[in-house]
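Order of the sequence lines sets the chain letters (A, B, ...), proteins ahead of strands, with each chain counted from 1.
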Amino acid sequence: MALQLYDTASRSVREFTPVRPGAASIYVCGPTPQGPPHIGHVRSALNYDVLARWLEHNGLHVTLVRNVTDIDDKILVKAAAEGRPWWEHSARYEREFESAYAALGCRPAAISPRATGHVTQMIELMQRLIDKGHAYAAEGDVYFDVRSFDAYGSLSGQQLEEVQQGESAAAGKRDHRDFTLWKCAKPGEPSWPTPWGAGRPGWHLECSVMASTYLGAEFDIHGGGLDLVFPHHENELAQSRAAGDPFARLWMHNGLVGMAGEKMSKSLGNVVSIPAMLRKVRAAELRYYLIQPHYRSFIEYSDEALHEAAQGYRRIEEFLRRTAARGEVTPGELPREFVDAMNDDLATPKAFAVIHNVVREGNAALDAGDDDKARQAAAAVRGMTGVLGIDPLSELWAGTGADDKARQALAALVEAVLEDRARARAVKDYATADRLRDRLLQAGILVKDTPDGPQWTVADGR
RNA sequence: GGUGGAGUGGCCGAGAGGAUAGGCAGCGGCCUGCAAAGCCGUCUACACGGGUUCGAGUCCCGUCUCCACCUCCA
């Protein structure tokens with residue numbers, strides 16, 4: 001079965017067929033870095049990271065572009081309030097987004113272009129739209145004429161007549177639903193020269209321009225959060241199509257993350273920061289939590305659910321560690337059911353069920369002493385978790401490598417204590433054995449006896 | 001007012017006309033010096049009211065509740 005994806009525009013699941021055979025081009029709406037990222041932003045990035053990994057696993061050369069809208073009203077307002085330049089403000093939070101993505105194993109995009117670096121292309125697009133009668137300049141602003149484009153509303157299913165008052169009414173607008181392509185410069189605000197006067201980009205224009213600059217006039221997938229369908233993506237689509245570009249073939253929208261019945265958002269202030277999350281669970285566990293539910297479903301954040309996810313991850317991790325203790329485990333082939341699940345609109349919940357089934361079979365094999373079967377299961381688990389970016393034995397999550405001198409020293413000390421304990425246990429001196437184990441525990445070292453001898457980990461206290 | 005989506009067992013979360021999802025937690029058992037892990041077994045479901053059908057979480061109609069978007073948002 002080939003990959004099927006849900007397409008917002010056609011409201012149906014469609015087979016993915018790339019514009020250019022062997023390659024996949026994806027444009028994802030990234031952040032407007034006006035403040036620190038929260039888990040909703042990261043969820044979005046993670047969903048497309050999983051998509052990209054899956055496409056690559058299927059042999060496609062993936063080009064993923066995630067933009068940064070580095071100028072907008074709020075950035076200007078907040079920067080001014082802090083008495084800092086707008087570009088410093090957005091650059092600072094852009095770095096926070098990038099590091100949050102990286103912390104969760106989200107691989108970098110092919111490029112993360114900034115809106116302000118593409119003003120030349122914006123001017124070109126506006127000129128094309130004006131030439132075709134789809135846009136007009138008025139009092140220094142440039143607007144898109146929504147009534148000139150019949151398909152306006154097709155992506156989101158909005159009927160033009162029913163759309164309520166959009167952006168704040170402006171003097172030069174012909175119709176209150178027309179949206180702003182370019183904003184006239186105001187005193188003290190940054191601006192760039194254009195044939196229609198100095199100003200700065202409106203929202204929407206930057207994405208049309210950056211998508212076509214890097215991916216071409218027609219590309220495979222445009223993604224973003226569900227809250228961007230209208231008006232942002234509707235407007236992008238209108239601009240690009242009206243200008244004559246075929247634009248995205250398929251539109252994907254990820255579900256949002258909520259708290260206490262409301263969506264998490266900067267404006268509501270009910271956000272959970274990434275560093276705060278990473279004090280509760282490890283990065284791989286947070287990633288597991290965010291990608292296990294289907295990407296289109298709404299996640300109602302809760303500590304309990306987060307910890308359950310962490311438990312689930314640890315179960316997989318335990319199994320792999322246990323098996324690896326008996327011999328090297330390398331990533332192997334993916335079970336058919338896993339492949340089918342992923343091809344079915346990235347059905348990660350089913351994919352996770354497959355992983356856990358194989359883990360259980362592998363654990364049973366270990367208990368039965370069937371190491372070959374266990375190793376096979378572990379190989380499959382590494383393969384599956386690898387594609388999802390949560391392989392506990394991967395370099396990314398396995399912890400510091402053997403090159404870490406402090407860790408080596410720690411290992412030597414712990415092993416020495418464990419040897420003493422083993423001697424005590426051998427003569428059934430359990431009082432001494434337990435005292436040694438408790439001493440390690442006090443130092444943060446958790447010891448577990450397994451059929452393969454004692455295993456120790458640095459307890460994370462979670 | 002318009003548009004889209006959701007209500008599943010203690011919790012999370014799939015599925016979809018005749019079903020062992022999976023995880024976490026609970027209970028019983030095995031294993032274990034203890035602990036942990038693991039294995040086996042097991043209890044709580046499908047918002048409500050009608051209807052279609054031999055048979056409905058699954059289809060149809062109605063009701064209720066919740067969420068998102070139409071203002072910045074991933």
Problem set entry | Residue whose nearest RNA chain B nucleotide is more 5′ - A:Gln159 or A:Tyr288 | A:Gln159

Exercise. Which residue pairs satisfy the ring pair (Phe, Tyr, Trp, His ring centres under 6.0 Å) criterion with at least one member in residues 336-385 of chain A, sequence neighbours excluded?
Worked result: A:Tyr288-A:Phe352

Problem set entry | Any residue meeting side-chain hydrogen bond (donor to acceptor under 3.5 Å, both in side chains) with A:Asp303, in chain and number order, not counting sequence neighbours | A:Lys280, A:Tyr301

Exercise. For A:Arg437, which contact category applies under a 4.0 Å heavy-atom criterion: base, sugar-phosphate, or nothing?
Worked result: base

Exercise. Rounding to a whole Å, what distance do you find between A:Leu155:CG and B:U3:P?
Worked result: 16 Å

Problem set entry | Integer angstrom distance from the P of B:A36 to that of B:C24 | 15 Å

For this session: Using a 4.0 Å heavy-atom cut-off across all strands, classify A:Gly224 as base, sugar-phosphate, or nothing.
Result: sugar-phosphate

Problem set entry | Rounded distance (Å) that lies between atom C1' of B:A21 and atom CZ of A:Phe338 | 16 Å

Exercise. Is the shortest heavy-atom distance from the side chain of A:Gln442 to the side chain of A:Leu440 under 4.5 Å?
Worked result: no

Exercise. Could you give the CG-to-P distance, from A:Asp434 to B:A35, as a whole number of Å?
Worked result: 10 Å

For this session: Using a 4.0 Å heavy-atom cut-off across all strands, classify A:Gln158 as base, sugar-phosphate, or nothing.
Result: base

For this session: For A:Ser156, check side-chain hydrogen bond (donor to acceptor under 3.5 Å, both in side chains) against everything at least two apart and list the hits.
Result: A:Glu234

Exercise. Going by the salt bridge (Lys or Arg N to Asp or Glu O under 4.0 Å) test, which pairs reach into residues 95-105 of chain A, not counting sequence neighbours?
Worked result: none

Exercise. Where the side chain of A:Arg322 is concerned, which of B:A74, B:G38, B:A21 is the nearest nucleotide?
Worked result: B:G38

Side-chain polar contacts of residues 24-31 of chain A - donor-acceptor pairs under 3.5 angstrom, sequence neighbours left out - could you list them?
| residue | atom | partner | partner atom | Å |
| --- | --- | --- | --- | --- |
| A:Ser25 | OG | A:Arg20 | NH2 | 3.4 |
| A:Ser25 | OG | A:Asp220 | N | 3.0 |
| A:Ser25 | OG | A:Asp220 | OD2 | 3.2 |
| A:Tyr27 | OH | A:Asn67 | OD1 | 3.4 |

For this session: Not counting sequence neighbours, list each pair that qualifies as a salt bridge (Lys or Arg N to Asp or Glu O under 4.0 Å) and has a residue in residues 39-51 of chain A.
Result: A:Asp49-A:Arg53, A:Asp49-A:Arg107, A:Asp49-A:Arg287

Exercise. Is a donor-acceptor contact shorter than 3.5 angstrom present between the side chain of A:Arg296 and the base of B:G5?
Worked result: no

Problem set entry | Rounded distance in Å between the C1' positions of B:G55 and B:G18 | 7 Å

Exercise. How long is the line joining CG of A:Leu160 and C1' of B:U3, in whole Å?
Worked result: 13 Å

Exercise. Stems in RNA chain B: runs of 3 or more consecutive Watson-Crick or G-U pairs, distances under 3.5 Å?
Worked result: B:1-7 with B:64-70, B:10-12 with B:22-24, B:26-30 with B:38-42, B:47-51 with B:59-63

For this session: List the atom of A:Phe247, the atom of A:Ala211, and the distance in Å for their closest heavy-atom pair.
Result: CE1-CB, 4.0 Å

Exercise. Which listed nucleotide (B:C70, B:A21, B:C39) is nearest to the side chain of A:Ala353?
Worked result: B:A21

Exercise. Which whole number of Å gives the distance between the P atom of B:A45 and that of B:U8?
Worked result: 14 Å

For this session: Ignoring hydrogens and angles, tell me if any N or O in the side chain of A:Asp344 forms a donor-acceptor pair with the backbone of A:Ala347 under 3.5 Å.
Result: no

Problem set entry | Rounded P spacing from B:A68 to B:C59 in Å | 25 Å

For this session: Check every strand shown and say whether A:Gly30 touches a base, only sugar-phosphate, or nothing at a heavy-atom separation below 4.0 Å.
Result: sugar-phosphate

Seminar exercise, completed: With syn meaning chi within 90° of zero and anything else anti, the base of B:G13 is anti

Exercise. Which whole-number value in Å describes the distance from A:Leu76 CG to B:C72 C1'?
Worked result: 13 Å

Exercise. In terms of side-chain heavy atoms, does A:Glu415 have a donor or acceptor partner in A:Trp456 at a distance below 3.5 Å?
Worked result: yes

Exercise. Quick one: side chain to side chain contact (heavy atoms under 4.5 Å, CB included) partners of A:Asp420, sequence neighbours excluded?
Worked result: A:Arg423, A:Leu436

For this session: Output the residues of residues 355-367 of chain A in contact with RNA chain B, where contact means a heavy atom of the residue under 4.0 Å from an atom of the strand; sort by number or write none.
Result: A:His356, A:Asn357, A:Arg360, A:Asn363, A:Ala364, A:Asp367

Exercise. If the P atom of B:G28 is compared with that of B:G13, how far apart are they to the nearest Å?
Worked result: 29 Å

Exercise. Taking the P atom of each, how far is B:A21 from B:C54, in whole Å?
Worked result: 27 Å

For this session: Check the distance between B:C12's C1' and A:Tyr289's OH and give it to me in whole angstrom.
Result: 9 Å

Exercise. What is the nucleic acid contact for A:Leu256, judged by heavy atoms within less than 4.0 Å: base, sugar-phosphate only, or nothing?
Worked result: base

Exercise. With a cut-off of under 6.0 Å to the ring centre and 45° to the axis, is A:Arg296 in cation-pi contact with A:Tyr6?
Worked result: yes

Problem set entry | Most 5' of A:Gly40 and A:Ala305 on RNA chain B, judged by nearest nucleotide | A:Ala305

Exercise. Between B:A74 atom P and A:Trp251 atom CH2, what is the distance in whole Å?
Worked result: 15 Å

For this session: Any pair with a residue in residues 247-259 of chain A that passes side chain to side chain donor-acceptor pair (under 3.5 Å), sequence neighbours left out, goes on the list, sorted by first then second residue, please.
Result: A:Thr8-A:His253, A:Ser44-A:Asn254, A:Tyr48-A:Asn254, A:Glu218-A:Arg249, A:His233-A:His253

N/O contacts under 3.5 Å, protein versus nucleotides 13-15 of chain B?
| residue | atom | partner | partner atom | Å |
| --- | --- | --- | --- | --- |
| B:A14 | OP1 | A:His294 | N | 3.2 |

For this session: Starting from C1' on B:G38, measure out to CD1 on A:Ile316 and report it in whole angstrom.
Result: 15 Å

Exercise. How is A:Tyr430 classified with respect to the nucleic acid when contacts are heavy atoms under 4.0 Å: base, sugar-phosphate, or nothing?
Worked result: base

Exercise. Between B:C69, B:A74, B:G33, which nucleotide has the shortest distance from any of its atoms to the side chain of A:Phe230?
Worked result: B:C69

For this session: Among residues two or more places apart or on two chains, list those pairs meeting salt bridge (Lys or Arg N to Asp or Glu O under 4.0 Å) that have a residue in residues 151-162 of chain A.
Result: A:Glu161-A:Arg177

Exercise. Within the side chain of A:Asp70, is there an N or O that forms a donor-acceptor pair under 3.5 Å with the backbone of A:Thr116?
Worked result: yes

Problem set entry | hbond_proxy A:Gln311 side chain to B:G23 base (donor-acceptor, 3.5 Å cutoff) | no

Exercise. Nearest to the side chain of A:Arg425 - B:A74, B:C34, B:A36?
Worked result: B:C34

Exercise. Which whole number of Å gives the distance between the C1' atom of B:A56 and that of B:C67?
Worked result: 26 Å

Exercise. When rounded to the nearest Å, what value does the distance between C1' atoms of B:G9 and B:A47 take?
Worked result: 14 Å

For this session: Check whether any side-chain N or O of A:Arg321 sits under 4.0 Å from OP1 or OP2 of B:A37, and answer yes or no.
Result: no

Exercise. Hey, does A:Arg435 reach any base, or is it just sugar-phosphate, or nothing, if we go heavy atoms under 4.0 Å?
Worked result: nothing

Problem set entry | N/O donor-acceptor pair, side chain A:Asp449 with base B:C34, under 3.5 angstrom | yes

